[in-house]
Every structure is written in C-alpha cells, then in structure tokens.
Amino acid sequence: MTATQPLELLAPLSGVLLALDKVPDPVFASRMIGDGLCIDPTSQTLCAPLAGVISNIQDSGHAVSVTDDNGVQVLMHIGLDTVSLAGKGFTRLVEEGQRVEAGQALIEFDADYVALNARSLLTLMLVVSGEPFTPLASGLVERGQPVLQVSSGNRVEEADEEEADARFSKPLTLPNANGLHARPAAVLAQAAKGFNASIYLHKQTQSANAKSLVAIMALQTVQGDTLQVSAAGDDADAAIKALVALLAEGCGEAIAAPSVPLEARVPASSATLLRGVCASPGSAFGQVVQVAEPELKVTEQGAGETLERAALARGLLAASEALQALQTQAAGSAQAQIFRAHQELLEDPTLLEQAHGLLAEGKSAAFAWNSATVATAKLFQGLGNALLAERAADLADVGQRVLKQILGIQDRAWDLPDCAILVAEQLTPSQTASLDTQKVLGFVTVGGGATSHVAILARALGLPAMCGVGPEVLALANGKQVLLDADTGELHLDPNPAEIEQLETARKQQVLRRQHDVAQASVPAITRDGHHVEVTANVASLQEVEQALALGGEGVGLLRSEFLYLDRNRAPSLDEQAATYSAIARALGSERNLVVRTLDVGGDKPLAYVPMDSETNPFLGLRGIRLCLERPGLLREQLRAILASAGLARLHIMLPMVSLLSELHLARKILEEEAQALGLRELPKLGIMIEVPSAALMADMFAPHVDFFSIGTNDLTQYTLAMDRDHPRLASQADSFHPAVLRLIATTVKAAHAHGKWVGVCGALASEALAVPVLIGLGVDELSVSVPLIPTIKATVRELDLSDCQTIAHQVLGLEEAAQVREALRLYHAATVETSPVVEQ
Ligand code: PEP
Ligand code: MG
C-alpha cells in the first residue's frame, strides 16, 4: 500500500471543542461508535470536514457521514437524542451519494429549536472507520479550521507501511472461553485507545486495529488462538506491555485455568441451575409452587343414553359459554383467537361422533367425552388431523374443561401464595390465561414450546416463562426460593443475594425501558449509523391494525387472512371479505404498506369452511398456496376481495408456503386475470413467503418474478431442521437462531438484493430483540413483528449500528448451533444495547 498524505479534518462548526469523555451520553463517551471530538456549537451550518461522498444522511437531517476516496469515514451527529425531533429544525443541503468539497455546507439547523427540544446541542464528529488521529486544535475553533489529523490509509484489515517500524509482542495464547467477543473486545479497544501508538492485533495473516471494537470482533478469535500485538509510535513499548498483560488476564473476563473443551461450554443443567427454553422473556425471584391437576375420576358406565346425552350437551354448552367469556375478557386478539379455536373444537364433528358412538354403547358422558378427546389428542401427536389440526395440548385443555363441567367440578382458582413461580409438567392455555398476575411472577414447564399457545399467552400477560426444562424440576420442594431468568433460559435453585439484586435491578430497568420504548414508539427505527429498517406488524384483525398504528407500526407486514374468519362455518361472501380488507387498508392509508397473505390453510391452521381430506402428514401436505391452487375458485374470490382495497393502502399480496416456481407463475397468472377483469391498470405488488428451504435455496430464481420476499421463520425452521414447530420435546432445538436457518435467510437476502427486491421477516424471529442485530446485519429490510413488541423492536434497531450488525451476523453464521448463536448475541447485546441509557421520565 502506498503512503498517503495525512488528512486534515476541518471543524464542521464554529464552537468550543470538548473531549468525547465530556459528552453526557455513554454511547458516545465510550467511543463505541467511533473516536473523534465534540463541539459545543456557536454556528448553525454544519460543513464537510473532508472532501468525499455523502455516504449517509438521515431523513431527519440530524446526522450525516462523509467518506473520502481512501475510505476514511467521518460521522457528524448534531445534538443528543435529536433523532426524536424527526427532522424538525434541520434542513438538509445535500443528498446521499453526492460528492462534496471540504468545507461545503451540509445541514442547516435551528440551534434555538434544537437546544429547547432535544437533550443537548453538543455535536459529534467521529472517525467511524477507525483510523487513528491526532488533535490539531483545542478550545474555541472557527468553522473550517483544521482540528484533527488522520493517518489515512491505515485501515482495519491491512497493515500499512507505518507498521513497517512496528514492534511486535511475543505470540500469546488467547485464554477467553468465547474468544474476544464484544465485552472483552471493548475492554481491549478501550485500553488501546489510551495510547498514541497505532496498535494492531494479529491472528495468523489477519490484523485488526486494536482501537476498534468492531475490527477486533471481526477477527473471530476463539479460545486458544495465537495472537500478537504490534504497535508503532512513541509509546509503542508501553502499549504492547499493557495490552499483552490485559489479554493474558482475559480482558476483564474471568478465565478458567485449564482450557475448556467446546462441548463443555454448551449450556447444561447443574445441581444449582436448571436450563430450559425462553417461552416469554423477563425474570423473577420467588417461591416454587408445584401445580399438578388431580386426575379426574371417571365412571365408565352411563345411567342411560338419554340422560348421558343431555349431560354431555350441558357440559359442552357450559364450556362454550366459559370460552366465550374468556374471549370477551381477552386483552388481545391473540388470546381471543386461541379461545375461539377452542370453542370450535367443541363443535368438531369427528370428536362428537366418537363421543356419541360411546354413548350409544351405554358409556357415561364423562367417559365418552374423555375417551374421544384423549384418543384424538394421541392421534394428533402421532399423525395429525387436517380437519381439526389443532394442537394436542389445546385439545387436552378443552377436554378437561368439558369433563369438569360434566362431573360438576368447580374450576377453582389455585390458592396461591404471593411471589409464586409455578412449576408444572405442562400448563394449559386456559390455566395460563386465568393466572393471577398479582401473585404469579412466572412459570416453568417441562413440556411446551416457545411457539405454543401457552407461550403466546405468557408473553401477552408479560409473565416470564421457561419451557422444555428437565423433569427434575417437578421434584423441587414447594416454597423453595428460586430465581427465574427466562431471558437466559435459566432457573437458579440456589440464588445468592447478589444475583437476586442484579436481576431485580434488571427487571426494574426492563419496566423503565418498556415505558421509554412506548413513549418513543413513533420515532422511526433508524440505526445509529443512519440505516432505516421498516418495522411493521403481524395482524389478524382491524383491531390489531389500529393497535399497531398506535404503537408506532409503520404498516402491516403480514395480514394472516385465514384468521379473519376463524369463527365461521361458512365462507364469508365476496362483499364481506372486500369490506374487511378495505377497512384495514383505509385504517393504514395510502402511504403505508399492507401485505395481505392469501389463505394459509392446512398444517396447524384449520378453517371450518374449507373442508379438507385428512392427511398423514398435513404439514407436508396441501398447505397454503398448494391448497389454493387446488381450489382456484377460493383463491380467485379472495384475490378479487383483496383487490377491492387497491389504492387505499400500498397493497401487497403475498403467497404462503411457496416451494415451486410453477406455483408462483400460476398464482401470478390468476392475479393478473382477476385484476384485468376488475379493470385495474396497475397490479399490486406480488411477493412470496420464504418458509420452505427450496424457496430459500432457489431465491435467486424466484427473485426476478416477485416484488418482495417475506421470510416465515416459524415454518422455515421446522422444515429446515425437520422438527415440528410445536413438538414439546424438540422445543429447545427447533430454534430459529440455528445457523442453518440464518444461512437460508442470508441466501434469500443476497438473491433478493441482487435483483433490487426487498426482504422482510415476519416469522417470530423478527419479534425477538436478540435477533434484531443478526437480521439487520444479514440485510433484512423489514421486520414484521407481533403488535405489542413494535416499540421494543424499533428501540432495539435505534440502538444498533449497521456495520457492527454485519460483523456479528457474519460471525454467527459460522457457529455450530442455535445455543451458541444466542450466547454470542447475548454478549453482543450486553456490550451494546444494554449500555444505552434509559432515563426515568
Ligand atoms: C411463519 O411460518 O413464520 C409465518 C409467519 O407463518 P405462520 O406462523 O402463520 O405459519
Ligand atoms: Mg408459516
């Protein structure tokens, strides 16, 4: 590499220079984004500190980056928390991609307005590409005056000529169990920044600027790696000595004396710790309360068929009324839908036929109903049933509800002590929905999965919950004090006061964070380095659309149309359907996306008015688009109804479960014919869900023929790993964080972007804050999330940095399993997002 002239950066504003440490914002003060300086401005026109190209300018006009021809990138951020001004007070004078001269005016701002409405006017100028620099000025400076001298060309991956004079340390072995992940890397970078010398960390042929957290993480070190430190400059020797010592000590991390084999690092339960899967995030400290439903005594012989028939009818009616009441009381439509589905089970012909058959044989109502539900639940577990296709756990729940009615057993609320952490083999959705959250702080179950209805309900109630825990949890004594940390999937059996206090602080912080996130819900999801991610909602009703908009949703990324008419035995008329889609589109307005998914019936989603033959394996059978293409009349009518809303919102139509190109071509042809018949001049956007591995692997073939992709990680995970998405025993493994799933997302995004198409993720993975960095890093453009989580996901995006996300995404694709991915992301999260301040308001 040829030596380049030192680059002088000009003051972008007149004002008083301050050290970054003086900035009252830990994210900037800790130099997490980059090193540079801060100006307390006395002028109001921000100018380019160097000649180059505008690599980013935020829509809100409060931040801009300029990158020169050598790759030196300088970010300027006007004021603190100014993103919340949403552009008010700022006037952009340049466009992204425009070439600018040093000193050229970039942004004008109204200093009075910003000072009054944002936290501070302090403006940052950061060398985000990581080159070292020396200050050229201090105190009061004039706009355009040189303030920093940057050693340009001294980039992250390359050692340059300046390094020719560098001194090298002796090779050392990295002791950290998980390599230099975010936290130790931040400690090392921080220490390196204390020296003037340019310092590099070397691993075999790769080198990283030791002052850059991102560069260190990009080295992807693992325990046992041989590393060397090099430094060039006046304090090189001192720097090498200090950093080698720091590395040997683990960079602030406790290090085990003997090296730990990889297998041993995979989480396992121990005498004081039980592990499971997070079903609902959060943490709680409380006492164990074992809950086991007593087995109900059922007499086989009936007291006469007429009497028993009447008893069954009464039981069914009472259960149906109770379920109706639960729907009415439900806080959200997710809960209401679950109980509506339960109500449907009460009318299921297969189940009733079996029960009546037994009644005709002289059996009691209780025996007949119980036998029918137990046998059908078993059938579901083994084979599935396309007509019902409900979950065995739900069926067992409904079964018990009716049985208690027949036996005249009152559904007594559990008599619970305060601060209860419930422990059970399995909770039913009904039990979960009726938990008294004044007393119950969380629950732990042996069965269940993260996508089960119980998990959905726990999330809706805000109760921390863990499922898939070993059966030894059932032997814990009632009253035992335990610490449930659902976020990490850990139940601490012998928590010490420090752990409890730490978790309590974290819990309070979470409550504050939630309040803060909701207050900021309307602020766009733009990363700190100016990358906008669209955050939209997964909805199943007009009511949810309205909630989503109130919580800052930027549109609808998935309308699960099959849920609109769940409670019907007859297909809704065309007019009725059209009215529903139009009402939803009108609520969104012409500037927001509405992605309507065509009927995704089959698999685990029955629709009473779409009768289907029973299939041996419904998840691999006539599901989604396959079923609709088999019954084109159904699809045509639905498309006509959807098309009636064209123009009211930015209409997108999405096909579920596409696995073959021919399905897309056929559906497009039908859509074109219907649009033409309606006299529509413009076709709405047409996209497909990526939820089958064949579609992900062939995304490059699909991409030219679609307008967008949306990745359904729920199904993509079950089909990629060949693990039923609701299988209780596979809950901990059927994890969307598995690198195989992430690799398919990466493949999809790459193919889509190569053809200029956007990609969303609408599966549950998008609603997990932990997954946000990896999804953004892989290039996902839109996150369509569960409605209550919109503020959280938007806030998470705002705390990230696209370039860091790309690094971590690249890193996790190389890991072996989901647990390792989660751990890497947790550490990353701890080192970045959690350091962002949340202030009590
Ligand atoms: C998915 O599979 O991820 C998805 C969003 O579709 P559903 O959960 O409705 O099957
Ligand atoms: Mg799906």
Side-chain angles (χ1 to χ4, degrees), residues 333-334 337-338 341 384 386 389-391 394 449-453 455-456 459 535-541 544 548 555-566 593 595-607 610 617-628 652-659 663 687-696 699 708-727 734-738 740-742 744-745 748-749 759-768 771 775 780 782-787 789 793:
S333 67
Q337 272 164 24
I338 291 168
E390 249 306 346
R391 299 162 182 179
D394 290 295
T451 56
S452 69
H453 282 155
I456 292 170
R459 288 196 285 268
V535 178
T536 54
N538 289 351
V539 298
S541 66
E544 273 192 319
V556 164
L558 168 64
L559 170 60
R560 287 182 160 109
S561 65
E562 61 281 359
F563 284 127
L564 287 176
Y565 304 102
L566 252 190
N593 277 1
V595 181
V596 183
R597 182 172 73 181
T598 56
L599 281 182
D600 184 20
V601 185
D604 66 340
K605 284 179 286 200
L607 202 53
V610 185
N617 199 337
F619 271 119
L620 300 182
L622 281 177
R623 249 199 97 176
I625 192 67
R626 299 175 189 169
L627 180 85
C628 284
H652 293 63
I653 293 179
M654 177 156 78
L655 310 171
M657 277 294 296
V658 171
S659 53
E663 292 163 341
I688 62 167
M689 290 205 59
I690 299 286
E691 46 188 351
V692 181
S694 67
F708 66 96
F709 289 138
S710 187
I711 303 174
T713 47
N714 307 337
D715 279 314
L716 188 60
T717 304
Q718 75 164 343
Y719 293 129
T720 302
L721 299 175
M723 290 178 187
D724 185 335
R725 61 197 263 185
D726 292 328
H727 196 298
D735 189 339
S736 300
F737 284 84
H738 195 286
V741 178
L742 300 179
L744 289 177
I745 297 175
T748 305
V749 174
V759 181
V761 172
C762 62
L765 188 64
S767 299
E768 294 223 27
L775 295 177
V780 168
E782 178 230 34
L783 300 172
S784 190
V785 310
S786 137
V787 172
L789 290 164
I793 298 299

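We count ligands from 1, going down the list as the structure has it; atoms in each ligand are counted the same way. All residue numbers in this chain count up from 1 along the given sequence. Both backbone and side-chain heavy atoms feed into the values below; hydrogens, waters and symmetry mates do not.
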Quick check on contacts: which atoms of ligand 1 are under 4.0 angstrom from a heavy atom of [X]?
| X | result |
| --- | --- |
| Glu691 | 1 (C), 2 (O), 4 (C), 6 (O) |
| Arg623 | 10 (O) |
| Met689 | 4 (C), 5 (C) |

Query raised in the report: Quick one: does Met654 get a heavy atom under 4.0 Å from ligand 1?
Result: no
Report task. Output the atom name for the N/O/S atom of Glu691 with the smallest distance to the Mg ion (ligand 2). Result -> OE1
Query raised in the report: Would you say ligand 1 has an N or O under 3.5 Å from any N or O of Glu562?
Result: no
Query - Pair Ser786, Ser767: side-chain N/O donor-acceptor within cut-off below 3.5 Å - result: no
Query raised in the report: Are any non-hydrogen side-chain atoms of Asn538 and Val787 less than 4.5 angstrom apart?
Result: no
Requested in this report: Side-chain contact test, heavy atoms from C-beta onward, threshold under 4.5 Å: evaluate it for Ile711 versus Thr748 and give yes or no.
Outcome: yes
Query raised in the report: What part of Arg597, side chain, backbone, both or neither, has a heavy atom within less than 4.0 angstrom of ligand 1?
Result: side chain
Query - Ion pair check, Arg560 and Asp600, cut-off under 4.0 Å - result: no
Query - the Mg ion (ligand 2) reached by Asp715 (N, O or S, under 2.8 Å) - result: yes
Report summary line: All heavy atoms of Cys762 vs all of Ser710, minimum pair found to be SG-OG, 3.2 Å
Requested in this report: Starting from the C-alpha separation in whole Å, work towards a yes-or-no answer on side-chain contact (heavy atoms from CB on, under 4.5 Å) for Leu599 and Leu627.
Outcome: CA-CA 9 Å; Leu599 281 182; Leu627 180 85; over 6 Å; no
